[in-house]
Amino acid sequence: MRGSSTWTRARESSQRRFSTENENENPPLKKRKLTTKSTPCVRTHVVKGSVREALSIVSTQQELIDPPCSFGGQPPTLSCLGQGDWEGTRMATEEVEALLNMKMTGKAKSDIKGRNDQMMEYIKKLRGCIRQLLQVESAYILQKEQQQIQLQEERQIWKETETKLKVKQDELEAGLSDVNQKCSVLEEISAKSESARQEVLLAHQKDSEALRAAADERLHLLEEIEKLRKEVASATQQAATLQDINKRLQEYNTSLQQYNTKLQSDAAQATEENSRTQKEKVAILETLGTVRGNNAALQTQLDTVKASLLAETTQRSFVNGELIRLRGELQHVSKEKEKASTQLQALSEENARFRELTGKTAAEVDVITSQAVALEERYHTQNEQMRLVRQQLDLANQKLEVAEASLAWHKKDGHDNILKVEQLQKRLADADQKLLEGELLRRKLHNIIQELKGNIRVFCRVRPMLPDDDDSGADSAVQYPSSGELVGHAIELLQPQGQKYTFTFDKVFGPEAAQEDVFVEISQLVQSALDGYKVCIFAYGQTGSGKTHTMLGHPDELEQRGVIPRSVEQIFQSSQALQAQGWKFKMQASMLEIYNETIRDLLVNSRRTSLDSQRSDGGTPGKQHVVKHEPNGNTFVTDLTVVEVTSWKEVSSLLRRAAQSRSVGKTAMNDHSSRSHCVFTLRIAGTNENTEQQVHGVLNLIDLAGSERLSRSCATGERLRETQAINKSLSSLGDVILAIGNKEQHIPYRNSKLTYLLQPCLGGDSKTLMFVNIAPESKSLNESLCSLRFAAKVNACEIGVPRRHTNARLPEARLSIN
Ligand SMILES: Nc1ncnc2c1ncn2[C@@H]1O[C@H](COP(=O)(O)OP(=O)(O)OP(=O)(O)O)[C@@H](O)[C@H]1O
């Protein structure tokens, strides 16, 4: 740049110099030539002027043209000039000046010739001078032209350079903006790196804290390990047994997989069969409709025929009566006729005898003859009457035959129709049965697939609006998809601002779902407790959302019984049905509640009169109940009352006993709020006398205390303490499920009594189902959202594959009969 500006300055000064020289110092050449030409005669001052100009140019440019002509430093004289050769000599400025200032010397005025010669000499010199000047001028012009060409070239170069420079400048500017951009990007990156660095620092701090916590945990774990070592010693003893069991389980697993494959192909077949049956059912229903229509028409026809048959039967009986009467009359007439013919015979014989004897008069003969004629006429009339009656009888008989034939035909047709309807009804019943079987198979397969997946299943139940709900008249905050695959499996929560949250679960029950509908869906799961599985069903949800209604309901009202009564009843019924196969079951029931992180026995005999008196010491007086997990996978609670039960009736009385002991209180959100987690456990031990097989199943049915926000429950004092304990244990449940979901090494089961008790159900080998109960009113929307989010986490949780507890090899088929 600097080079270019120096170059530009030099170029500008050169230009300026040229233009000054051209425009100011040198008048146009043409003008000077004209001036010279227009004054051919020598006039000193004119010539002097132009020559001076020329001289000044010559003197300025003299170094450029030729080296100066030296006169040896002497001013020239005309004589000197006369001695030199003007043609070939170059003149210095002073010489020209001297020539111009030269005066006529030596000649008298009268010496015209002399003067003339002198003048001629002078003119000759002047001419030489002028010629030289002209040469200088042409040299100058040539030089000027060269310079102009050079200038042009320089200008061209300058222009090109300028263009190049411009391009270069543009490139540099573009480069500069690129660099600027890069700079800003780098600045951003640097800012980000800075924030990342900060985050890393924070994370590092957290890690350090976590490390410290881990160190503490490690210490704790070392203690645990010590304990575990002792346990391991005993476990080693069992290892051999377990290995054997494991081997058998592997075999069982293989057979289960085969069974599963078979079930899947069966399922495919069943689905096919199902759809075929459905189509068949539709066709049958259509045919049945047509047949029913035909049947109705035939029925009407049959009724008409029956009516006409009745009329015919009446007519027939009338005709029969008439026939009998006519037959009687005919007999009577026949008798009369026989009598008359006997009489006639007698009279004829008499007449003949008389004629023979000629003893009778002609008059008497006439009378007798007329009597005989009359008798004969009577006989003919009676014959005619008989013929007519016979005709009538034949007609009636014909009518009767026609009526009987038509009746038989109608009867046959009606019978055919009845047969057809019966057949169709049978096929319909078969199709319904197949559908039912298909549905049962589908449920079974679904259960098996769930078992193999090892997931906790989640059912959502939304209770109806209650009369006490403030917005019972308002729209519910809950919706369900009305079409597509999600029907019956999804729930949508609507926020007042229009935002919609959709959650999907294994099953969603709306407010219209009856207790029976809910139980149908879990009956298979309950049944597997009888097959030797650990089954755990628990209800989670905010206060007043229907957990107790779902789990317990009203045990004494048939329709309103909840999961616990129905499950127990089903277990007893199935166990009785299995007795035919040689199975004998022993059932033991227990019930406990976890109240304020303390386990309380709800079946203890010493019935408490005041709940508050126990609450103060936190449980059964003198007894501390502790949860124990045995190495064989069994979990029990120390000193808990366990009652052997043989019927639903006994369990029912236990439930009533427990209900009286349960911690219930009135909250702002529920008049009869369960203030504790209630756990009903049924242990099932089954032995088959024929095969010596044994199964050990456990059914845990849990009604959790309601989750509620302190701000909404308005709890104070004892209620506040209860609520805090409930929330703490529920949040521990959330932590456990989150840790299982994240497949963390350490699962914090010990953080609460509830999670420690549920450990085998949540992280072990049991079949677990959670009900998330939802209150539909819009004021509960936030609680519902929390509950559903919690349930969604649970739904995503894999807890391991359920394990059946048996001590002898079992056949592939399950024990369950339904
Ligand atoms: N599906 C339902 N159909 C009819 N009524 C219901 C239903 N679910 C709940 N209810 C009624 O709602 C009220 C509250 O139900 P419930 O006591 O079962 O709630 P909860 O969740 O157990 O409450 P808490 O946690 O406070 O014990 C009861 O009156 C119950 O009868």
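Counting convention: from 1, in listed order, for ligands and their atoms alike.
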- [ ] Examine the proximity of ligand 1 to Gln542 and report which part, side chain or backbone, both or neither, has a heavy atom under 4.0 Å away.
- [x] backbone

TODO: Give the ring-plane orientation class for Phe771 versus Phe509, where under 30° counts as parallel, over 60° as perpendicular and anything between as tilted.
DONE: tilted

TODO: Tell me which part of Leu466 gets within contact of ligand 1: side chain, backbone, both or neither, using heavy atoms under 4.0 Å.
DONE: side chain

Task: Where ligand 1 meets Pro464 - atom numbers and elements under 4.0 angstrom, heavy-atom basis - done: 1 (N), 2 (C), 3 (N), 4 (C), 7 (C)

Open item on the list: Please confirm whether Gly541 approaches ligand 1 to less than 4.0 Å, judged on its heavy atoms.
Closed with: no

TODO: Consider every N or O of Val462 and every N or O of ligand 1, then say whether any pair is closer than 3.5 Å.
DONE: no

TODO: Could you tell me whether Thr548 and ligand 1 have an N or O pair separated by under 3.5 Å?
DONE: yes

Open item on the list: For a 4.5 angstrom cut-off between non-hydrogen side-chain atoms, does Arg789 reach Tyr501?
Closed with: yes

Task: Numbering as shown, the atoms of ligand 1 that approach Arg461 to under 4.0 Å (heavy-atom distance) - done: 1 (N)

Open item on the list: Distance under 4.0 Å to a non-hydrogen atom of Gly706: what atoms of ligand 1 satisfy this?
Closed with: 25 (O)

Open item on the list: To the nearest 0.5 Å, what is the distance between CG on Leu494 and OG1 on Thr502?
Closed with: 8.5 Å

Task: Backbone or side-chain N or O of His549 under 3.5 Å from ligand 1 N or O - done: yes

Task: Sidechain-backbone polar pair: Asn795 side chain, Phe505 backbone, donor-acceptor under 3.5 Å - done: no

- [ ] State the atoms of ligand 1, each with its element, that fall below the 4.0 Å cut-off from a heavy-atom position in Ser545.
- [x] 19 (O), 20 (P), 21 (O)

Open item on the list: Only heavy atoms of Lys547, strictly under 4.0 Å: list the atoms of ligand 1 that pass.
Closed with: 18 (O), 19 (O), 20 (P), 21 (O), 22 (O), 23 (O), 24 (P), 25 (O)

Task: Test of proximity, Ala513 against ligand 1: N or O pairs below 3.5 Å - done: no

- [ ] Measure the spacing between CD of Gln576 and OG of Ser647 and express it to the nearest 0.5 Å.
- [x] 9.0 Å

Open item on the list: Using only atom types and a distance under 3.5 Å, with no angle test, would you say the side chain of Ser652 pairs donor to acceptor with the backbone of Trp648?
Closed with: no

Open item on the list: Go through it in stages, so that I can follow the logic: the residues are Ser574 and Gln570, the test is side-chain hydrogen bond (donor to acceptor under 3.5 Å, both in side chains), and I'd like the CA-CA distance, side-chain angles, deciding distance and then a yes or no.
Closed with: CA-CA 6 Å; Ser574 303; Gln570 179 179 307; 4.9 Å; no

- [ ] Verify whether one side chain among Ser545 and Gln542 offers a donor that lies under 3.5 Å from an acceptor in the other.
- [x] no

